Amino acid sequence: MTADPEPALARKARRLLEAEAAAGFDDSSTTGGLSRWVAGQGDGVGSLARLSQYSRLRPRTREDLARAVLADLGAPAAPPARARDVGAPVTVLPGVGPTAQKRLAALDIRTVGDLLYHRPRRYIDHSSVVPIAEAEPGREVTVIGDVVEIRARPSRSGRVRVVEAAIADETGQILAVWFNQVYLAKTLRGRRNVAFAGRVESAAYDRQLTSPEYELDVHRMVHAGRLVPVYPLTRGLSQRQLRRWMALAVDDYANDVPESLSAAHRRAHGLPDIATAIRNLHFPVDAVAQEAAARRLAFEELLVYQLAILRRRQTWRESQPGRPVKIHRDALTAFGGQLPFKLTDGQRVAVVDILNDLRRDRPMSRLLQGDVGSGKTVVAAGALHAIVGDGWQGAIMAPTEVLAEQHTATLRDLLTPLGVRVELVTGSVPAGEKRRLWREVERGDVHVVVGTQAIIQRSARFARLNLAVVDEQHRFGVQQRGEIRAKGYNPHLLAMSATPIPRTLALTVYGDLDVSVLRELPRGRQRIKTSFVPAHRRGDAYAFIRKQVADGRQAFIVFPIIEESDSLNARAATAEHKRLTRGAFADLADDVGLLHGRMGAAAKERAMRSFRDGQIKILVSTSVIEVGIDVPNATVMLIEGAERFGLAQLHQLRGRVGRGDHPSYCLLMSETTDATENARLRTLQTVYDGFTLAERDLELRGPGDVIGTRQSGALGFRFATVTDLDTIQSARSDAEALVRSDPGLVQSEHKPLAAAVAQLLERNEWN
Ligand code: ADP
Ligand code: MG
């Protein structure tokens with residue numbers, strides 16, 4: 001039985017502990033901390049001696065201790081512990097001050113919850129703890145021993161300071177060496193029972209651990225003796241710091257992270273509860289537990305994402321009624337009747353789907369997917385014809401001016417005979433004329449407006465916009481999809497994509513859209529014979545082009561550099577044009593044209609027209625033609641630097657030839673000798689299905705190629721991978737079931753999910 005403290009000390013202790021309780025047991029009640037205070041009070045402390053460990057404890061344990069001591073001192077019971085709030089700022093963690101707070105904010109970590117969801121980039125396996133005698137060179141190990149000797153000295157070159165320590169346990173001794181970390185000599189001098197983790201090397205006289213991690217508290221291994229997390233960092237933040245704070249956060253807050261999956265749900269999918277998952281995300285007991293944690297967090301993320309998609313779709317459909325279109329019975333017949341060809345089955349089904357959507361009083365949200373050349377424009381024309389027939393206006397938005405111009409031409413061919421007025425409004429239309437056109441649009445005299453983003457960026461007014469078509473949808477973000485929608489009074493939306501979207505991505509990126517697919521190409525379309533040509537055989541490729549040109553055909557030579565840089569693309573194409581007209585095709589110099597995105601609209605137009613009309617035989621171009629022009633006499637597509645591109649994109653490019661009756665060819669030039677890379681390109685020799693190629697891209701190169709880097713980044717997944725079809729599908733079906741049983745997610749067990757969904761929907765990209 002320990003003695004009571006002296007009354008004066010008891011009073012003081014009580015005041016300090018009450019201050020601790022008010023401040024959240026952060027050891028701030030007295031300068032230097034409570035442990036130091038107790039130690040400084042001499043013999044009279046009696047039972048207060050228990051507080052001598054206080055400063056070393058974690059807040060939760062401090063709380064227990066403080067309450068016990070207060071009770072002994074006869075203080076009335078303090079109010080019950082606050083439920084710990086993971087929404088609290090990181091500064092509630094001991095050791096995290098304003099500077100650390102700022103640095104963490106750079107990682108988007110503001111609250112303890114943010115911290116707990118900060119995903120380790122990887123783990124170092126320091127879990128093999130061995131006696132020093134068994135630390136064999138070449139192995140990653142953790143040893144636990146005493147620091148029997150430690151010193152700092154300059155290196156032989158004098159440029160760095162070396163700290164050397166001898167570590168011993170009962171089986172042997174090993175050397176540890178650090179560079180430029182002189183403070184370690186002080187931190188570690190005379191320490192016993194310290195864990196050191198690293199790769200064992202054989203040094204001149206001894207085995208050696210170079211710059212090992214160390215862990216002073218072997219009862220609570222954070223930096224050694226386990227799978228050790230490695231986090232993304234930011235300036236001024238070290239792994240050790242972050243790991244230490246993470247350990248505090250996990251210990252004290254993991255149990256308070258809201259659980260969003262019901263026990264039944266978790267059982268059905270074999271997923272751990274959230275507290276276990278958070279613990280094993282950061283400090284996994286083993287690799288299996290770590291994987292289970294990752295799986296659970298990915299599933300949860302996808303479930304929330306799918307719920308948000310369903311919610312947004314519901315909002316679009318229900319809270320903002322669309323305006324139904326009366327479809328005149330003979331509209332489709334009239335449209336089909338004047339086409340120069342028969343619609344494919346796929347086209348007919350797509351048109352019917354669309355017309356059925358348009359009839360409803362909720363706005364259509366449909367994605368029309370189809371390989372390049374599958375005839376999507378015709379389908380869009382059918383839809384535009386139908387709405388114009390009921391007195392509405394339509395708009396079609398294309399990613400490039402060249403394409404907008406071509407659409408204008410196509411739509412005029414198809415629709416002008418039916419009395420539909422189609423006008424092009426792009427940046428290159430003279431200002432005066434543009435103003436006049438917009439006035440006519442506002443009056444309703446123009447039926448269909450074709451343009452680039454410009455048509456959503458300016459404060460354009462339509463008299464009766466009721467169908468917005470977005471071509472090459474994958475080039476636009478979710479945001480723009482929303483913007484064009486906002487142009488009319490919630491018009492029907494038809495998105496079109498020539499990049500076949502694998503099902504996984506369709507469910508995430510386009511999960512809010514209904515999908516129509518054109519699987520077949522119009523009859524008579526031929527296969528483009530594709531060959532892989534290593535760079536050293538470029539001469540053969542040129543000879544082939546020459547022969548085709550001699551036979552009266554035409555060729556593309558394409559330099560698809562990088563999507564993001566128009567100017568780099570332009571420069572490469574320009575340089576190549578010069579090189580070719582002075583070299584390999586010097587004798588044909590007048591027949592070699594140039595086309596790139598940086599050219600003025602008139603010059604572009606000229607180049608395109610002269611190629612289409614056969615005045616130019618060889619068109620050197622950037623990938624602007626990927627979504628561009630239709631020239632039936634072109635039979636060769638030579639693609640330079642093919643290794644830099646996704647298969648689906650190359651597939652789209654080659655779709656520019658083979659549009660006439662002549663056999664057509666695609667030559668893929670590769671600069672690399674990397675066998676895997678070139679094997680990837682050879683896929684195009686045998687695979688002609690855009691969907692399969694897109695799936696392959698997704699496997700090999702990730703989602704950037706398929707949906708654009710911007711969009712895949714905008715998904716903002718931390719744990720989920722867009723290629724994980726199984727998880728995505730099960731999250732989707734669970735989300736659908738949840739929404740069926742509890743549409744508003746109002747049941748109490750769905751509250752955390754509802755909150756997570758609301759939070760996601762608040763993010764900008766979602767509006
Ligand atoms: P994409 O789906 O790549 O946008 P387009 O709409 O540009 O394809 O159509 C490609 C070409 O196929 C155009 O020249 C178009 O006139 C033609 N086309 C479209 N549908 C058919 C069809 N059913 N039969 C024959 N040719 C067609
Ligand atoms: Mg198209």
Side-chain angles (χ1 to χ4, degrees), residues 332-333 335-352 354 366-385 396-417 422 424 448 450-452 469-476 494-501 515-528 556 608 611-612 623-635 637 648-662 664 666 688-691 693-694:
L332 187 54
T333 328
F335 176 71
Q338 54 86 49
L339 286 177
F341 42 71
K342 243 180 85 211
L343 289 179
T344 63
D345 291 347
Q347 284 172 320
R348 215 178 355 260
V349 170
V351 172
V352 169
I354 292 167
R366 185 168 288 278
L367 173 68
L368 176 61
Q369 264 190 62
D371 226 336
V372 60
S374 58
K376 295 181 293 293
T377 320
V378 182
V379 174
L384 289 164
H385 174 244
I396 174 162
M397 183 163 97
T400 64
E401 291 201 3
V402 182
L403 189 57
E405 285 157 18
Q406 189 185 294
H407 279 329
T408 311
T410 308
L411 292 174
R412 280 182 180 156
D413 280 352
L414 296 170
L415 298 178
T416 310
V422 180
L424 173 70
V448 173
V450 188
T452 56
V469 181
V470 186
D471 193 20
E472 303 303 332
Q473 152 70 36
H474 65 292
R475 294 288 186 93
F476 297 104
L494 176 65
M496 306 201 291
S497 178
T499 302
I501 309 296
V515 179
S516 295
V517 181
L518 302 180
R519 290 234 168 243
E520 72 216 296
L521 297 184
R523 221 188 309 283
R525 202 56 65 66
Q526 49 167 313
R527 223 165 229 214
I528 292 105
F556 292 101
M608 263 168 39
F611 188 63
R612 193 191 56 206
S623 47
V624 287
I625 58 143
E626 172 198 348
V627 288
I629 49 184
D630 204 1
V631 181
N633 191 47
T635 54
M637 159 95 25
Q649 199 184 350
L650 294 169
H651 178 62
Q652 291 207 30
L653 278 169
R654 76 175 162 186
R656 291 293 124 205
V657 294
R659 301 214 155 204
D661 304 329
H662 312 287
S664 296
C666 174
Y688 285 86
D689 173 48
F691 279 89
L693 292 170

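Quick caveat: nothing in here was measured; it's all calculated off a predicted structure. Whatever order the structure lists ligands and atoms in, that order sets their numbers, starting from 1.
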#### Entry: With sequence neighbours excluded, residues passing side-chain contact (heavy atoms from CB on, under 4.5 Å) with Ala380
Val469, Leu494, Met496
#### Entry: Arg656, His651, Arg654 screened by side chain to side chain contact (heavy atoms under 4.5 Å, CB included) with Cys666, the one that passes
Arg654
### Task
Please step through side chain to side chain contact (heavy atoms under 4.5 Å, CB included) for the pair Thr635 and Val657, ending with a clear verdict.
CA-CA 5 Å; Thr635 54; Val657 294; 5.7 Å; no
### Message
The criterion is ring pair (Phe, Tyr, Trp, His ring centres under 6.0 Å); which residues satisfy it with His385, sequence neighbours excluded?
### Response
Phe335
#### Entry: Arg412: side chain to side chain donor-acceptor pair (under 3.5 Å) partners, not counting sequence neighbours
Glu423
### Task
Collect the protein residues that have a non-hydrogen atom under 4.0 Å from ligand 1 and hand them over in chain and number order.
Phe341, Lys342, Leu343, Thr344, Gln347, Asp371, Val372, Gly373, Ser374, Gly375, Lys376, Thr377, Val378, Pro522, Arg525, Asp630, Arg659
### Message
Do Phe691 and Val517 have side chains that approach each other closer than 4.5 Å (heavy atoms only, starting at C-beta)?
### Response
yes
